[in-house]
Amino acid sequence: MFHPAALPAACHAYRGAPQPEDAYRSRRILLDASHSVHLLTTRHRGGVHGIGWKWPD
């Protein structure tokens with residue numbers, strides 16, 4: 001949850017594959033009404049899953 005006075009400019013969910021030659025994928029996700037983002041993975045394979053954000057300039 002982000003403080004209402006310090007909201008990120010953008011958030012994204014990412015997935016990195018366990019093998020370097022596999023694709024890295026990212027998609028934009030939006031803050032909800034409580035200034036939070038959530039990520040639920042289903043049918044996922046090994047690798048890294050997470051949420052990143054960018055602060056306003």
Side-chain angles (χ1 to χ4, degrees):
M1 181 183 306
F2 293 97
H3 190 278
L7 298 177
C11 293
H12 64 277
Y14 62 86
R15 181 178 78 194
Q19 304 300 324
E21 64 274 6
D22 292 336
Y24 169 87
R25 296 183 185 185
S26 178
R27 64 181 172 90
R28 186 166 185 182
I29 53 177
L30 302 175
L31 293 170
D32 65 14
S34 65
H35 310 297
S36 299
V37 292
H38 305 277
L39 175 65
L40 172 66
T41 60
T42 59
R43 295 181 286 151
H44 59 276
R45 293 178 249 161
V48 177
H49 301 264
I51 296 173
W53 54 88
K54 179 181 176 190
W55 294 114
D57 293 332

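This one's a predicted model, so the numbers in the text were calculated from it and none came from an experiment.
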In chain order, what residues pass the side chain to side chain contact (heavy atoms under 4.5 Å, CB included) check against S36, with sequence neighbours excluded? M1, D32, S34, H38
Smallest separation among heavy atoms of R28 and A9, with atom names: NH2-O, 3.7 Å
First locate atom NE2 of H12, then atom NZ of K54, and finally report the distance between them rounded to the nearest 0.5 Å. 11.0 Å
Connected to L7, directly or through other members, by ILVMFWY side-chain contacts below 4.5 Å are F2, I29, L31, V37, L39, I51, W53, W55
